[in-house]
Protein chains: 2
Amino acid sequence: MTHTSTEENYIKAIYHLQLSRDSVSTNLLSAEMNTKPASVTDMLKKLRTKRIVHYQRYKGFSLTEAGNRKALSIIRKHRLWEYFLSSKLGFEWDEVHSMAEELEHISSDELITRLDNFLGNPAFDPHGDPIPDHRGKIRVIKQVSLTEVPVKKTATVSSVKNQSPEMLELLNHFHIALGTKLKLNRRFEFDGSVEIKIDKYPATIISEQVALNINCTL
Amino acid sequence: MTHTSTEENYIKAIYHLQLSRDSVSTNLLSAEMNTKPASVTDMLKKLRTKRIVHYQRYKGFSLTEAGNRKALSIIRKHRLWEYFLSSKLGFEWDEVHSMAEELEHISSDELITRLDNFLGNPAFDPHGDPIPDHRGKIRVIKQVSLTEVPVKKTATVSSVKNQSPEMLELLNHFHIALGTKLKLNRRFEFDGSVEIKIDKYPATIISEQVALNINCTL
DNA sequence: AAATAAATTTAGACAAATCTAAAAATATTT
DNA sequence: AAATATTTTTAGATTTGTCTAAATTTATTT
Ligand SMILES: [Mn+2]
Ligand SMILES: [Mn+2]
Ligand SMILES: [Mn+2]
Ligand SMILES: [Mn+2]
C-alpha cells in the first residue's frame with residue numbers, strides 16, 4: 001500500500017497526538033495539521049478505506065496496527081535524515097526539522113537501510129528523540145525534566161521538548177547541549193527556577209519555563 | 001517563484017530534449033513525460049504564466065533564461081544526490097536514478113550547498129554526466145563515442161549514454177567502468193564492432209550497439 | 001490547390017486535497 | 001429535560017494535474 005506525502009503527514013500527526021492524549025479529536029488534528037475540521041473528516045474516510053485508522057463518524061478515531069507501523073517508519077526516516085543533516089552536513093538542531101519534513105517522504109526502504117548503516121545506526125536524533133529501528137522498535141530511556149532532578153544530583157541532558165531557534169539560543173548561552181552533564185545546586189520555590197553547575201563554567205540560574213523543556217537521565 | 005515537483009519534472013524534460021534537438025514538440029514532450037499531448041498543452045500555459053517557457057499556441061515553445069537556470073538547478077540537485085547515493089551509500093549506478101528523481105525536489109538550497117561540500121564538490125555524477133556548479137555552470141569535456149576512437153589509440157571511459165541495469169551488467173562483464181583505460185585494437189567494418197584491450201584482461205570484442213553507448217576522452 | 005494526414009489545442013470530466021457554509025450529532029448548561 | 005453550545009459531518013466549490021473526445025491549425029500528398 002502506498003501513501004501520498006499528505007496522508008503520511010496526517011498519519012504521523014495522529015501518532016504524535018496519541019502519545020500524549022488517550023484520544024484524539026477531529027478539531028485537535030485539524031489544528032495540528034493547519035487544516036479545517038472538514039478536511040480532516042475527508043482524510044479520515046480515506047485513511048479508513050486504507051485500513052490506517054479505526055473510524056466511525058462522530059465516534060472518534062485511532063491508528064490501526066498497520067497505521068502505527070506506518071507512523072513509526074515515517075518517524076524513523078525523519079529522525080535518520082535529521083541525524084544525517086546534523087552529523088554529516090553540520091546543521092544545527094533548530095535547522096533540520098523542516099528539511100526532514102520533506103526527506104521523510106522519499107520512498108526507498110533500501111535507501112533508509114543504507115543511510116542507517118552509513119550513519120552508524122544512531123539511536124537518537126539531534127533533539128535526543130529515539131530513532132525507531134527497522135522493525136519500528138523504539139529504545140525507551142528513563143528521562144525526567146530538569147525541574148524534577150533532585151537537589152545536589154548530577155544529571156545528563158538527553159533531549160529537548162521545545163526545538164525552536166529561540167530555545168537553541170538559550171541553551172547555547174548556558175553551554176547546554178545533548179550529553180552535557182550538570183549538577184542541580186538548588187531549587188527556588190518562589191518561581192520554580194533552578195541553579196545548575198556545569199564543569200568549569202560558573203553556576204547559573206535557569207527559569208522553570210526553560211527547565212521544563214530540558215529532559216535528563218539520572 | 002516556487003514550483004511543484006510536477007512542474008520541475010516538465011522543466012527538466014524540456015531542457016534535456018532541447019539539448020539534442022533544436023526544437024521540442026508537444027508530442028515529443030508528452031512521450032517523454034508519459035502523459036497525453038493535451039496535458040502538455042495545459043502545463044505549457046501554466047509554465048508560460050510563470051515565465052519559464054516562451055510559448056505561442058501552435059507555434060512551439062522553448063525554455064526562457066529563467067527556465068534554463070531552473071532546469072540546471074534541478075539537474076545539479078539530481079546529480080549531487082546520485083553521487084551521494086553512489087559514493088556514500090554504495091549504490092550501483094543503475095540504482096540511483098529513481099531515488100534521485102525524488103530527492104531532486106527537496107527544496108533547501110543550503111542543503112545542496114552543504115551536500116556539495118560534504119561530497120568534495122564532485123564534477124561528474126556516477127554516469128559520468130557533469131554536475132552544474134551553484135551558478136549553473138557545466139564543465140564541458142571533449143568526448144567521443146567508443147565507435148569514434150581511432151584504431152591503436154588509448155582512451156578513458158568518461159560516461160555512458162544508456163544507464164540501464166542491462167547495460168551495467170554488460171560493462172561489468174567487460175570490466176569497464178568510468179575511468180577505465182582501454183586501447184582500441186581494431187574495428188570490424190562488417191558490423192561496426194570493435195576489439196578493445198584493457199590492462200591484464202584478454203582482448204574482447206564489443207558490438208557497435210554497445211560501443212555507441214560508451215563515451216571516452218582521448 | 002484541394003484533399004488528406006498529423007499535430008496541437010479546446011472542452012468537459014475526474015481524483016486529490018483543500019475550503020466555506022450549512023446541517024446533524026453530541027455535550028454542556030440552565 | 002429543554003435550551004444552548006460545541007463538535008463533527010455533509011454538500012458543494014476550487015485548484016492541480018490528468019484524461020478522452022472533438023475541434024482547430026499546420027503539414028504533406030495528391
Ligand atoms: Mn512531512
Ligand atoms: Mn527530531
Ligand atoms: Mn523528479
Ligand atoms: Mn545521472
Side-chain angles (χ1 to χ4, degrees), chain A residues 1-15 17-18 20-63 67 70-71 74 101-102 104-105 107, chain B residues 1-15 17-18 20-63 67 70-71 74 101-102 104-105 107:
Chain A
M1 178 72 62
T2 62
H3 300 276
T4 64
S5 295
T6 308
E7 286 169 14
E8 291 189 345
N9 287 334
Y10 272 95
I11 294 168
K12 194 158 57 92
I14 297 170
Y15 178 91
L17 290 173
Q18 280 186 346
S20 41
R21 279 145 261 259
D22 46 30
S23 100
V24 183
S25 71
T26 302
N27 276 350
L28 189 65
L29 183 53
S30 84
E32 181 73 15
M33 293 301 296
N34 291 301
T35 57
K36 303 293 165 183
S39 310
V40 168
T41 300
D42 289 342
M43 182 55 77
L44 286 172
K45 288 185 200 157
K46 194 178 169 201
L47 291 177
R48 178 178 51 193
T49 68
K50 292 192 167 194
R51 305 190 175 285
I52 289 297
V53 292
H54 298 293
Y55 167 59
Q56 283 180 273
R57 62 199 195 113
Y58 293 110
K59 297 290 175 62
F61 56 90
S62 65
L63 288 177
K70 181 68 192 175
I74 303 162
E101 203 54 54
E102 296 179 49
E104 69 190 357
H105 306 294
S107 58
Chain B
M1 179 70 62
T2 61
H3 300 276
T4 63
S5 294
T6 309
E7 286 169 13
E8 290 189 346
N9 287 334
Y10 272 96
I11 294 168
K12 193 158 57 91
I14 296 170
Y15 178 92
L17 291 174
Q18 280 188 346
S20 41
R21 279 145 260 258
D22 45 32
S23 99
V24 184
S25 72
T26 301
N27 275 350
L28 189 64
L29 183 52
S30 84
E32 181 73 16
M33 293 300 297
N34 292 303
T35 57
K36 302 294 166 180
S39 309
V40 168
T41 300
D42 288 342
M43 182 55 78
L44 287 173
K45 287 185 200 158
K46 192 178 171 202
L47 292 177
R48 178 178 51 193
T49 68
K50 293 192 169 196
R51 306 190 174 284
I52 290 296
V53 292
H54 298 294
Y55 167 60
Q56 283 180 274
R57 61 199 195 111
Y58 294 111
K59 297 289 176 61
F61 56 90
S62 64
L63 288 177
K70 181 69 193 175
I74 303 163
E101 203 55 53
E102 296 179 50
E104 69 190 357
H105 305 294
S107 57

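The structure displayed is predicted, hence computed values, not measured ones. Order of the sequence lines sets the chain letters (A, B, ...), proteins ahead of strands, with each chain counted from 1.
Nearest heavy-atom pair, B/Ala71 versus B/Leu63, reported as atom, atom and distance to 0.1 Å: CB-CD1, 4.3 Å. The nearest pair of heavy atoms linking A/Ile14 to A/Val24 is O-CG2, 4.4 Å. Scanning both residues, A/Thr41 and A/Tyr55, for their nearest heavy atoms gives CG2-OH, 3.7 Å.
In this structure, the nucleotide among C/dC19, C/dA16, D/dT18 sitting nearest to the side chain of A/Thr4 is C/dA16.
By the side-chain contact (heavy atoms from CB on, under 4.5 Å) test, B/Ser39 pairs with B/Tyr10, B/Thr35, B/Lys36, sequence neighbours left out. For B/Ser5, the side-chain contact (heavy atoms from CB on, under 4.5 Å) criterion is met by B/His105, not counting sequence neighbours.
Contact check on B/Lys50 versus B/Glu7 returns a salt bridge, with a Lys/Arg side-chain nitrogen under 4.0 Å from an Asp/Glu carboxylate oxygen.
Put simply, CE on A/Met33 is 7 Å from P on C/dT18, counting in whole angstrom units. Look at CG on B/Leu47: it is 13 Å from P on C/dT9, rounded to the nearest Å. In this structure, the CD atom of A/Glu7 is 9 Å from the P atom of C/dA16, given to the nearest Å. Per the geometry, CG belonging to B/Asn9 stands 17 Å off P belonging to D/dT16, to the nearest Å.
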With B for base contact, S for sugar-phosphate-only contact and - for none (protein heavy atoms under 4.0 Å), nucleotides 4-11 of chain D reads ---SBBB-

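Contact annotation for A/Tyr10: backbone-only contact, meaning every heavy-atom pair under 4.0 Å involves sugar-phosphate atoms and none involves a base. As judged by a 4.0 angstrom heavy-atom cut-off over every strand, B/Ser39 is placed among the base-contacting residues.
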